[in-house]
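In what follows, a structure is listed as structure tokens, so that the remarks can point back to it.
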Amino acid sequence: MIYIGVTGWGDHDSLYRPGMPGREKLSEYAGHFPVVEVDAAFYAIQPIKNSTRWVEQVPADFQFIVKAYQGMTGHQRGDSPFETETDMFAAFKESLNPYLDHGKLAMALFQFPPWFDCKKENVDYLRFCKAEMGDIPCAVEFRHQSWYSPAFRQQTLEFLRNEKWIHSVCDEPQAGSGSIPIVLEATHPDKTLVRFHGRNVHGWQKKNAKNWREVRYLYKYNREELAQWANYLKQLQQQSKDLYVLFNNNSGGDAAGNAKEMIEILGIEYDILAPRQLDLF
């Protein structure tokens with residue numbers, strides 16, 4: 001099955017009636033898409049009360065992809081609120097229990113930064129992460145091109161297979177070492193993650209600009225680009241039982257529209273969505 005959704009549910013205005021309270025948005029979101037990424041977990045490990053509330057707001061077959069906390073992927077700046085890495089991983093795993101208890105956790109996503117390159121200490125850290133996470137399904141997304149260089153590409157993919165990492169296949173601007181190419185390879189027989197970041201090369205590189213975060217994902221995929229990716233998804237479907245497809249190109253509010261267009265191109269009709277609210281006025 002191909003599950004298509006977007007990253008987060010709060011900022012996709014096209015999905016909601018004007019003035020809809022934030023507490024109602026996830027339930028409404030689940031009437032449009034069967035999967036979502038919990039990106040709030042990257043900034044802070046979420047309290048159990050939050051994930052408990054979220055799993056209760058969506059249908060039985062709805063799936064969550066929970067982004068790993070920034071301290072677990074080398075993004076954190078300043079002091080860690082945890083005494084040890086083991087304490088940090090334990091807290092994160094505990095926050096996943098409501099998703100696991102309800103059968104709604106597709107995977108945890110470890111998105112590593114552009115400076116996390118292919119070298120022994122980082123390979124060892126990936127082993128550490130996987131050991132800490134145990135049987136919880138985990139996806140890895142690289143941002144440094146070295147993992148897919150001719151010298152390391154096959155070794156990287158074989159390592160992910162052996163360690164049972166779910167491969168995150170990305171579409172993103174090709175902007176030097178801090179971006180990765182499209183690598184249409186599944187490394188897990190059950191699950192593959194696909195993430196669309198847009199193709200805004202200029203915005204991707206402008207990390208020192210004041211509005212960098214606002215323009216980084218400013219891109220709207222056209223029909224031809226989506227149609228090409230529909231064929232790519234069919235290729236990946238031959239390698240992995242379920243695909244989880246997330247559109248992250250929302251700096252201009254385009255993610256939800258592109259996600260719906262991809263659903264239409266693929267001819268998918270979900271029967272697992274929540275009932276949609278009727279806007280009578």
Side-chain angles (χ1 to χ4, degrees), residues 1 3-12 15-16 20-73 75-76 80-111 129-141 164-166 168 188 190-193 195 241-246 248 259 270-277:
M1 184 168 177
Y3 298 86
I4 298 176
V6 298
T7 54
W9 59 84
D11 298 328
H12 306 279
L15 301 179
Y16 312 119
M20 175 177 279
R23 64 181 179 275
E24 297 179 13
K25 287 185 176 180
L26 178 57
S27 296
E28 180 68 10
Y29 174 96
H32 295 270
F33 302 113
V35 65
V36 75
E37 177 183 299
V38 183
D39 53 358
F42 173 80
Y43 300 100
I45 294 176
Q46 296 298 297
I48 292 290
K49 64 179 182 180
N50 286 3
S51 42
T52 299
R53 182 174 73 252
W54 295 335
V55 297
E56 291 174 349
Q57 291 178 338
V58 296
D61 293 321
F62 189 92
Q63 296 286 292
F64 292 88
I65 294 169
V66 182
K67 205 166 182 182
Y69 173 60
Q70 59 185 334
M72 298 160 62
T73 54
H75 287 87
Q76 191 164 42
S80 170
F82 300 96
E83 290 189 9
T84 67
E85 285 185 328
T86 299
D87 290 342
M88 179 169 56
F89 274 80
F92 180 71
K93 286 187 290 183
E94 184 179 8
S95 76
L96 299 179
N97 284 336
Y99 305 106
L100 291 166
D101 293 344
H102 289 76
K104 289 184 167 70
L105 181 69
M107 65 194 74
L109 167 60
F110 285 70
Q111 183 191 64
C129 291
K130 202 66 176 62
E132 287 290 318
M133 295 300 291
D135 294 332
I136 296 171
C138 295
V140 61
E141 178 177 334
K164 297 182 172 56
W165 280 100
I166 297 163
S168 180
H188 195 287
D190 295 331
K191 298 179 179 184
T192 297
L193 178 61
R195 300 181 84 233
K241 179 174 174 285
D242 292 319
L243 301 184
Y244 296 83
V245 180
L246 297 172
N248 189 39
Y270 295 114
D271 59 4
I272 56 175
L273 301 179
R276 297 267 290 276
Q277 295 184 23

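All values derive from a computational prediction rather than experimental measurement.
Not counting sequence neighbours, the partners of Thr73 by the side chain to side chain donor-acceptor pair (under 3.5 Å) test are His75. Residues that satisfy the side-chain contact (heavy atoms from CB on, under 4.5 Å) test with Lys191, not counting sequence neighbours, are Met107, Pro137, Ile166, Tyr244. Every residue meeting the side chain to side chain donor-acceptor pair (under 3.5 Å) condition with Gln111, not counting sequence neighbours, appears here in chain and number order: Lys67, Glu141. With sequence neighbours excluded, no residue forms a side chain to side chain donor-acceptor pair (under 3.5 Å) with Asp101. Take Asp242 and apply the side chain to side chain donor-acceptor pair (under 3.5 Å) test, not counting sequence neighbours, and it matches no residue.
Listed here is the closest heavy atom pair of Gly10 and Lys25: O-NZ, 3.2 Å. Between Gln63 and Gly103, the closest heavy-atom pair is NE2-O, 3.2 Å. Closest approach of Cys138 to Phe110, counting heavy atoms only: SG-CE1, 3.9 Å. Scanning all heavy atoms of the two residues, the minimum distance from Pro59 to Ala274 falls at CG-N, 3.5 Å.
For residues 46-62, the side chain to side chain donor-acceptor pair (under 3.5 Å) pairs, not counting sequence neighbours, are Gln46-Asn50.
The distance from the CG atom of Leu246 to the OG1 atom of Thr7 is 7.0 Å, given to the nearest 0.5 Å. The NZ atom of Lys130 sits 7.5 Å away from the CG atom of Asp135 when rounded to the nearest 0.5 Å. Considering NE2 of His188 and CH2 of Trp165, their distance stands at 11.5 Å, rounded to 0.5 Å.
At distances below 3.5 Å, not a single donor-acceptor pair connects side-chain atoms of Lys104 with backbone N or O atoms of Phe62.
Side-chain contact check for Ile65 versus Tyr3: every heavy-atom pair is 4.5 Å or farther apart.
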Side chains of residues 89-97: which donor-acceptor pairs under 3.5 Å do they make with residues two or more places apart or in other chains?
from  : atom 1 : to     : atom 2 : distance (Å)
Lys93 : NZ     : Glu132 : O      : 2.5
Ser95 : OG     : Phe92  : O      : 2.5
Asn97 : ND2    : Glu94  : O      : 3.4

Donor-acceptor contacts, no H, no angles, side chain residues 29-42, under 3.5 Å, sequence neighbours left out:
from  : atom 1 : to     : atom 2 : distance (Å)
Tyr29 : OH     : Val6   : N      : 3.0
Tyr29 : OH     : Val35  : O      : 2.6
His32 : ND1    : Lys260 : NZ     : 2.6
His32 : NE2    : Leu15  : O      : 3.4
His32 : NE2    : Arg276 : NE     : 3.3
Glu37 : OE1    : Arg195 : NE     : 3.2
Glu37 : OE1    : Arg195 : NH2    : 2.8
Glu37 : OE2    : Arg195 : NH2    : 3.2

